[in-house]
Amino acid sequence: MKNVRLVSRSERKGKSQGLLAGLNPKQREACNKIDGPMLILAGAGSGKTRALTYRLAYLIEQGVPASNILALTFTNKAAREMKARIADLVGAEQAQRVWAGTFHSIFARILRREAELLGYTRSFSIHDGEDSLNQIRAVMTDLGISQQDFTPQAVRGAVSKAKNSLLSWQEYQRQADSVFEQQVGLVYKEYVNRMRRSNAMDFDDILLNMIALLRSDPAILARYSRQFHYILVDEYQDTNHAQYMSIQMLAKEHRNICVVGDDAQSIYRWRGADIRNILQFEKDFTDTSVVRLEQNYRSTKTILAAANDVIQHNVRQLKKELWTDNDAGDPVYLRRCYDDREEAAAVVDTIKREISGKGLKYKDFAVLYRINAQSQALEDAFRRSNIPYVIIGGMSFYKRKEVKDALAYLRLLVNPSDNESFLRVVNEPARGIGKTSLQRIAAYANDRDLSLFDACRSIESVPNLQKRARTAALDFVSWVARFTETLAEMPMDEVVKNYLEASGLPRMYQEAHGDDAFDRYNNVQRILSHVTEYSRENAEPTLTDYLQEVALIDDAEDAQDQDKIVTMMTMHGAKGLEFPTVFIVGMEQGLFPLARAEKEPEELEEERRLFYVAITRAEQRLYLSYTQRRYRFGELSYPQPSYFLGEIGKDKIEELGRSQAAASERPSRGRGSRQATRPSSTASAGTTSKTSYFDDIKPDEDQTYSQIPEEQNRSRLRSGLRVHHSKFGEGKVLNVAGSGDQRRARVRFAGVGEKTLMLKYARLEVLGD
DNA sequence: CTCAAGTCTCCGAAC
DNA sequence: GAGACTTGAG
């Protein structure tokens with residue numbers, strides 16, 4: 001952030017007024033009242049981070065011990081940056097003592113210390129979303145709950161939501177009324193049990209257990225209240241109920257709590273964020289001082305005005321007036337593209353042009369999109385043009401199968417009870433312990449409340465096993481146990497090296513053929529060097545701490561050489577960042593806003609806030625683009641331009657023609673069929689810039705499904721929709737499967753029962769949700 | 001029990 | 001269109 005002025009050494013030593021001298025009056029106000037509750041409403045680009053950094057530095061300068069400050073940020077990266085800047089102001093030694101990090105990382109650190117009080121061991125595992133989804137699947141299977149009726153994702157979502165609302169499984173079961181909720185109640189209970197038995201916590205548990213810890217004993221609450229005498233919470237609009245509760249408890253006694261946020265940038269409702277937390281802060285803490293940071297230092301007047309145009313369409317919001325002294329700058333550029341390949345080529349082309357013309361560097365650019373799948377086309381285009389890039393999020397390093405396997409091996413080493421990890425690696429590479437054997441071992445373990453690992457240790461007592469499987473299982477657990485013992489005697493990186501090599505995982509990929517085997521092998525090796533690096537950099541490295549760090553890592557941390565590369569990420573990932581030039585791609589109805597948000601006013605407003613966040617990342621130039629055809633789910637669709645585009649005043653927009661590079665990129669065969677296949681409107685749409693997107697857009701067009709070509713209607717069909725069939729009457733779609741001509745739907749009709757229909761033949765009329 | 005080919009699900013954002 | 005999961009032959 002450009003407006004941070006480094007404070008010189010002499011200034012640092014000066015009086016406090018000197019420290020705060022470089023701030024504007026509002027920012028200063030946000031810093032110099034250090035006691036009592038404070039709410040800082042900070043608009044996008046208003047120098048919020050700067051104000052927070054100075055506030056913390058000021059606290060320290062006023063004599064507050066740095067170790068009594070708790071600063072909860074949204075990402076670990078934000079915490080690190082904040083610490084680095086505090087170090088510039090008051091010295092590294094002090095800065096290092098501040099408790100800065102995400103809710104999850106700080107709480108996990110505390111829980112590690114207090115684990116025994118809650119019935120865990122200190123080496124408890126942390127399970128990520130994928131792990132917990134696997135666990136939910138397994139529970140559903142074992143309870144005989146059909147995964148057709150209720151998807152594991154939906155069940156996990158419901159469990160997570162319950163946890164975030166602090167509903168125990170007992171309470172949840174009591175108030176469950178629909179069939180779905182009753183089923184979820186059963187899964188919830190069993191899931192909790194199994195996580196306990198695995199000595200594991202998921203992300204939600206980290207918050208819940210922190211609250212449980214604080215509630216367990218007034219003395220503990222008192223201790224941590226004292227420890228965190230000054231609390232600061234960033235991005236408060238995106239806290240969920242559990243996070244809210246933990247803060248309430250910790251701050252209740254001393255009331256030195258400062259929260260910072262912007263309701264217009266709340267974009268995590270879907271994972272439990274409750275916007276009311278910020279709206280009601282003044283009621284929670286009566287004598288709150290409220291400070292508004294409304295001057296934007298980041299963007300041009302035009303970009304800021306465009307953002308304001310958009311957010312105005314939201315009904316529910318706190319009024320604020322963002323303004324800026326910056327220049328008007330360029331208009332907002334808008335480009336219509338044929339498809340996502342052309343869109344990506346246009347981005348590449350523009351970057352090249354701006355670099356040679358304006359002297360910008362690669363790091364000055366960011367490409368933002370709605371869903372991770374959109375990164376593919378961009379990645380291809382960047383590769384072809386040899387432009388260095390980094391993709392943040394999505395299928396990141398830590399989500400790859402081989403990496404997760406390697407980490408599961410390590411988790412098992414410190415926490416043998418971790419059944420999820422056990423199942424992941426016990427037969428990877430194949431050791432002759434197959435599904436059937438595992439089922440029998442699991443049955444035995446369940447009866448006796450043992451972990452799978454312990455069950456294998458007494459494998460002779462497990463009934464109905466083949467001799468071979470018995471030996472293999474026993475060999476496996478003794479092998480792991482041997483390495484666990486050496487952990488106490490040898491440096492951890494050496495143990496890990498020997499252990500992983502002996503696991504056979506690297507060799508498996510070495511010997512495998514196939515395109516990605518080599519990459520996978522290298523990824524496993526990368527974990528090894530990562531562990532080595534970790535153990536060199538830390539004074540007392542433990543494998544448990546390493547695993548915790550990795551589990552709670554945010555992807556942004558992987559962006560190493562941020563200097564020389566273009567950043568690509570989702571709009572969610574861009575929160576808190578800024579770039580001179582920003583591209584927002586895929587501005588299409590059904591993609592942004594997403595189809596399912598179109599009919600939900602609350603969700604639509606969240607999408608709009610997301611657009612607002614994305615726009616306000618841009619400092620100098622903003623490029624928006626949309627395509628006329630796009631593949632989704634392997635099927636072609638012809639989206640309308642996003643009506644968010646129409647919400648920006650026309651006076652701020654300049655439409656661009658197709659770029660030369662983009663035009664020549666297009667294979668000629670694509671053009672001929674184009675007009676023929678394009679449904680509805682603009683038959684005249686040529687390849688020139690003559691036609692406007694306003695021709696494309698028909699904002700109020702009441703488009704019914706029957707007007708859309710059959711092909712599209714077919715892809716729009718999804719479970720939950722009500723449909724009408726000429727013979728069977730009205731029914732409800734249960735699921736949709738297959739693609740192309742094979743695409744078929746299972747539909748329950750009133751009276752007639754369930755039918756599977758080939759969509760090619762069955763002319764289903766969609767009635768709605 | 002294992003492997004390869006076939007089938008199904010996914011593509012909604014992430015600590 | 002890829003990756004995860006299932007299925008059927010050795």
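Reminder, nothing fancy here: chain letters follow the sequence lines and each chain counts from 1. In this text, all values refer to a predicted model and were calculated from it rather than measured experimentally.
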Using atom [atom1] of [X] as one end and atom [atom2] of [N] as the other, report the distance to the nearest whole Å.
{"X": "A:Ile371", "N": "B:dC10", "atom1": "CD1", "atom2": "C1'", "answer": "10 Å"}
{"X": "A:Ile392", "N": "B:dA13", "atom1": "CD1", "atom2": "C1'", "answer": "15 Å"}
{"X": "A:Phe74", "N": "B:dA14", "atom1": "CZ", "atom2": "P", "answer": "10 Å"}
{"X": "A:Glu402", "N": "C:dG3", "atom1": "CD", "atom2": "P", "answer": "11 Å"}
{"X": "A:Leu133", "N": "B:dT9", "atom1": "CG", "atom2": "P", "answer": "14 Å"}
{"X": "A:Glu606", "N": "B:dA13", "atom1": "CD", "atom2": "P", "answer": "13 Å"}
{"X": "A:Lys161", "N": "B:dC15", "atom1": "NZ", "atom2": "C1'", "answer": "19 Å"}
{"X": "A:Leu594", "N": "B:dA13", "atom1": "CG", "atom2": "C1'", "answer": "9 Å"}

If you look at every strand shown and take non-hydrogen atoms under 4.0 Å, does A:Glu603 touch a base, only sugar-phosphate, or nothing?
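The answer is base, as A:Glu603 lies within the cut-off (heavy atoms under 4.0 Å) of a base atom.
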Heavy atoms only, 4.0 Å cut-off, all strands: where does A:Arg269 land among base, sugar-phosphate and nothing?
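Counting heavy atoms under 4.0 Å across all strands, no contact is made by A:Arg269.
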Contact under 4.0 Å: [X] side-chain N or O vs [N] OP1/OP2:
{"X": "A:Gln153", "N": "B:dC10", "result": "yes"}
{"X": "A:Ser437", "N": "B:dC1", "result": "yes"}
{"X": "A:Arg632", "N": "B:dG12", "result": "yes"}
{"X": "A:Thr436", "N": "B:dC1", "result": "yes"}
{"X": "A:Ser105", "N": "B:dC15", "result": "no"}
{"X": "A:Asn372", "N": "B:dA13", "result": "yes"}
{"X": "A:Asn427", "N": "B:dT2", "result": "yes"}

When you measure from the side chain of A:Glu607 to the backbone N and O of A:Leu594, does any donor-acceptor pair fall under 3.5 Å?
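Yes: the side chain of A:Glu607 pairs with the backbone of A:Leu594.
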Counting distance alone, no hydrogens or angles: does the base of B:dG12 have a donor or acceptor under 3.5 Å from a partner atom on the side chain of A:Gln374?
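No, no donor-acceptor pair under 3.5 Å.
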I'd like to know whether the aromatic ring centres of A:His530 and A:Tyr546 sit less than 6.0 Å apart in this structure.
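So the answer is yes for these two rings.
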State whether the aromatic ring of A:Trp270 stacks on the base of B:dA13, taking stacking to mean ring centres under 5.5 Å apart and ring planes under 30° to each other.
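One would call A:Trp270 stacked on the B:dA13 base.
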Consider the side chain of [X], meaning its heavy atoms from C-beta on, and name the nucleotide among [options] that approaches it most closely.
{"X": "A:Arg468", "options": "B:dA14, C:dA4, B:dC1", "value": "B:dC1"}
{"X": "A:Tyr268", "options": "B:dC11, C:dA4, B:dA14", "value": "B:dA14"}
{"X": "A:Glu607", "options": "B:dC3, B:dG12, B:dA13", "value": "B:dG12"}

[Y] six-ring centre to [X] NZ/CZ under 6.0 Å and within 45° of normal:
{"X": "A:Lys404", "Y": "A:Tyr398", "answer": "no"}
{"X": "A:Arg617", "Y": "A:Phe579", "answer": "no"}
{"X": "A:Arg271", "Y": "A:Tyr268", "answer": "yes"}

Answer yes or no: does atom CD of A:Gln466 have more than 12 heavy-atom neighbours from other residues, nucleotides or ligands under 6.0 Å?
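Counting other residues, nucleotides and ligands, CD of A:Gln466 stays at 12 neighbours or fewer.
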Want to settle it: does A:Gly434 or A:Asp128 sit nearer the 5' end of DNA chain B, counting the closest nucleotide to each?
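Closest to the 5' end, via its nearest nucleotide, is A:Gly434.
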Nearest heavy atom decides the nucleotide; on that basis, is A:Gln376 or A:Lys435 closer to the 5' end of DNA chain C?
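Final value for this comparison: A:Gln376.
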